[in-house]
Amino acid sequence: MTPARYLMKCQACLRFFGGRSLSSSSSVNPRFNGLFRVEVEEALMDYFHCTRSLNYLDARHISKNSPHFVKFLFKNLETRIPSNQHGNVCSEVKKFLRYNPINEFNPFLESSGLSPLEIQRLLSTSSRALCFFLSDDAGLLENYHVLCNYGIPRFKIGKIYKEAHEVFKMEQGVLKSKLEGFENEIGLEVSTVIKLVSSCPNILLLSSTENEQFVQTVVALKEFGFQQKWIRSNLSTKYKYRWDMMLPLLEFFLHQMDCQEDDLRTMIKKNPWFLFDQPGKIPYMAMPIFLKIGLNRYEILELLLNFPQIVSRQSILKILLKWVEFLNPEETATLLASQPCSSLVYLLSKKPEYLLATIDNIDAQKLRSMMLHDPTELSELLLSEKNTQKSMVVLPLLYRKESINKMDFLVKIGFSENFNEMEAAQAQFQGSGSRLEARFNVLLEAGLGFEVCSKIVKECPKILNQTTKNLRTKIDYMVNIGGYPLDTVINFPMYFCYDIESIRNRLKMFRWIKENGAVKPHHAAASFHSIIAGSTKSFLKNYVNDIPNGLQVWKKLQESSFIF
């Protein structure tokens, strides 16, 4: 095809699509149901595999994982498709694709994990505006296959394309050599390399000096006692990594702050963002503020060890300066040096003028006095003004960094990063990564160890589809009403999935039976599982019907007014 003919085809295609982006919010005809969608996907797969000669796996993945492009394609062809004639959909789409060029980067990048808006921004740049076919980008598919074959999930490759596009222009063998170099030169495991490249694509483009700094950092972290599993679990797409600043941060704490190695190791393990998220923040932003207030290095170190959230966000440091102006450096130093409570840390995240405007009947003098002598009462007063119930739920998460990605959370608790396995795992969990982590933390706070929590969640994923309130209530019922030890759930994790009212009534009924000396021989052998898991009919038959007044007590239990 001549350049002039090619340009004419492209212009015709753009006219046909009306110049709209894939992120258009216009509605799609209800006819775009499951069967129509499958036929459009089949036509798109046929185009990539038969017309453009992509291998079958690539063509299938692109067609099955670009829903916005598929929907957009159908919308602009639906006038050609007679109503309720499914067989014509595939043939019409094939016919259109045969004679009209499409921008292949749209479905390719969408299937690689990018949103339509991100794709639109990428393709609008001058260097990529004239790229229509994947083959126009030299080395793209070859390096794409290197990443896939190494084990990097396809839906994460879009991030690499967006942040480190030069990776896809590398000559044959270069990318593979870089990936294997992480294993051979530094001793990283394949799973660590996969997480590293997925979270920090620019690691593949480091200069020789930057690469040397990265190697030194990884080696130092391993020598300092941070295992690969810990490093891997804390790599995240949320951070902008500065590998050249990590070693200076460790040296700053050890040599200038006289921090003990064990204390520093504990502090970073509890707060990995110290190391991974802008590691220069503490020595170059927080320290000058603390020194201005008048804290000495030992008080600063004690503050960071006990309340690291004080430097978790740049905005809090700026607000802290407002408090220095409102109180004075000496009073602020005294306040921070006196082992601050969580209530005080919460208050320090609010500007003084905000508290004065929010809390009724309080002036500057009273606010200063309460801040210095009774911050707990002040925080309770603030929460009551802001609708206490909602604020109390949010309070423990105030100083968390950005919301954790769902996949990152699942990997952290031990799920495989394999594409198919991860896709299946994510389908079982409802909610964002942050919500899942909050529910997981309820189990940890109750006293179950991390390994135990991970085990029961893998065995019964529905546990994390419960609300945090329900999880706490069910733990409380089991321990305080039923009298069962917490580790009972290890062999019966499905307990968390039963109806909360049913659990309460059965445990209270069984407790009444024991307290009133009505225990039968077969009751003594009753397991927690048999009490909770059976039907109501079997529960009544086994434990209630043969007890004097048992049915009457059970009926009263059904009423919320019944009090033990």
Side-chain angles (χ1 to χ4, degrees), residues 253 257-260 263-264 266-267 270-271 273-274 281-401 438 441-442 445 468 472:
F253 273 111
M257 297 291 291
D258 289 337
C259 183
Q260 297 297 316
D263 290 338
L264 179 57
T266 300
M267 181 169 65
K270 287 183 177 179
N271 309 280
W273 53 265
F274 269 14
K281 179 186 291 185
I282 294 175
Y284 299 117
M285 292 176 61
M287 295 304 295
I289 294 175
F290 291 146
L291 292 173
K292 179 180 179 179
I293 292 172
L295 297 177
N296 61 46
R297 61 181 178 179
Y298 300 109
E299 291 171 334
I300 294 171
L301 191 58
E302 193 71 21
L303 182 67
L304 292 176
L305 285 169
N306 291 286
F307 290 91
Q309 55 270 55
I310 208 79
V311 292
S312 63
R313 291 181 303 196
Q314 184 175 345
S315 58
I316 296 181
L317 292 175
K318 290 181 178 179
I319 293 172
L320 189 58
L321 287 175
K322 293 280 187 182
W323 280 106
V324 175
E325 295 172 2
F326 180 76
L327 301 171
N328 58 55
E330 294 75 19
E331 288 180 332
T332 308
T334 302
L335 198 63
L336 293 176
S338 60
Q339 292 294 329
C341 60
S342 57
S343 296
L344 177 59
V345 177
Y346 172 52
L347 292 170
L348 289 174
S349 69
K350 309 294 181 185
K351 294 180 181 179
E353 52 265 35
Y354 171 81
L355 298 183
L356 289 171
T358 304
I359 303 175
D360 292 334
N361 303 319
I362 191 169
D363 55 21
Q365 184 176 356
K366 186 175 180 181
L367 176 61
R368 178 181 288 105
S369 176
M370 293 186 73
M371 193 71 177
L372 293 171
H373 302 107
D374 201 351
T376 301
E377 182 181 347
L378 182 61
S379 67
E380 290 175 355
L381 196 58
L382 174 62
L383 290 173
S384 66
E385 296 286 348
K386 292 175 60 184
N387 194 344
T388 307
Q389 190 64 31
K390 183 177 179 180
S391 301
M392 289 293 283
V393 174
V394 175
L395 180 58
L397 299 176
L398 282 174
Y399 304 119
R400 285 284 310 282
K401 194 52 186 165
N441 286 341
V442 171
E445 291 164 5
T468 54
R472 289 192 180 96

Novice: To the nearest 0.5 Å, what is the distance between CG (Leu320) and OG1 (Thr332)?
Specialist: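 Leu320 atom CG to Thr332 atom OG1 measures 7.0 Å (nearest 0.5 Å).
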Novice: For Arg368 and Asp363, indicate whether the former's side chain and the latter's backbone hold a donor-acceptor pair under 3.5 Å.
Specialist: no
Novice: Any non-hydrogen side-chain atom of Asn441 less than 4.5 Å from a side-chain atom of Thr468?
Specialist: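 The answer is no; the side chains never approach within 4.5 Å.
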Novice: Can you establish whether the number of heavy atoms outside Glu330 located under 6.0 Å from its atom CD is more than 12?
Specialist: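 For Glu330, atom CD is crowded (more than 12 foreign heavy atoms under 6.0 Å).
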Novice: Quick one, Asp263 and Phe253 - any side-chain contact, counting heavy atoms below 4.5 Å?
Specialist: no
Novice: Between Phe326 and Ala364, what is the shortest heavy-atom contact and its length?
Specialist: CZ-O, 3.6 Å
Novice: Could you measure the distance from the NZ atom of Lys351 to the CG atom of Leu321? Nearest 0.5 Å is fine.
Specialist: 11.5 Å
Novice: Determine whether Leu264 and Met257 satisfy the following criterion, side chain to side chain contact (heavy atoms under 4.5 Å, CB included), listing intermediate values before the conclusion.
Specialist: CA-CA 10 Å; Leu264 179 57; Met257 297 291 291; over 6 Å; no
Novice: Measure the spacing between CG of Leu295 and CG of Leu301 and express it to the nearest 0.5 Å.
Specialist: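 That separation rounds to 11.5 Å.
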Novice: Measure from the side-chain N and O atoms of Trp323 to the backbone N and O of Lys350, and report whether any donor-acceptor pair falls under 3.5 Å.
Specialist: yes
Novice: Roughly how far apart are Leu367 CG and Leu372 CG, rounded to 0.5 Å?
Specialist: 9.0 Å
Novice: Could you tell me whether the side chain of Glu331 reaches within less than 4.5 Å of the side chain of Val324, counting heavy atoms only?
Specialist: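 Answer no - side chains too far apart.
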Novice: What are the two closest heavy atoms between Val442 and Arg472, and how far apart are they?
Specialist: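 For Val442 versus Arg472, the nearest heavy atoms are CG1-CG, 3.6 Å.
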Novice: Has the side chain of Ser369 got a donor or acceptor atom that lies under 3.5 Å from a matching backbone atom of Gln365?
Specialist: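 The answer is no, because no donor-acceptor pair under 3.5 Å joins these two groups.
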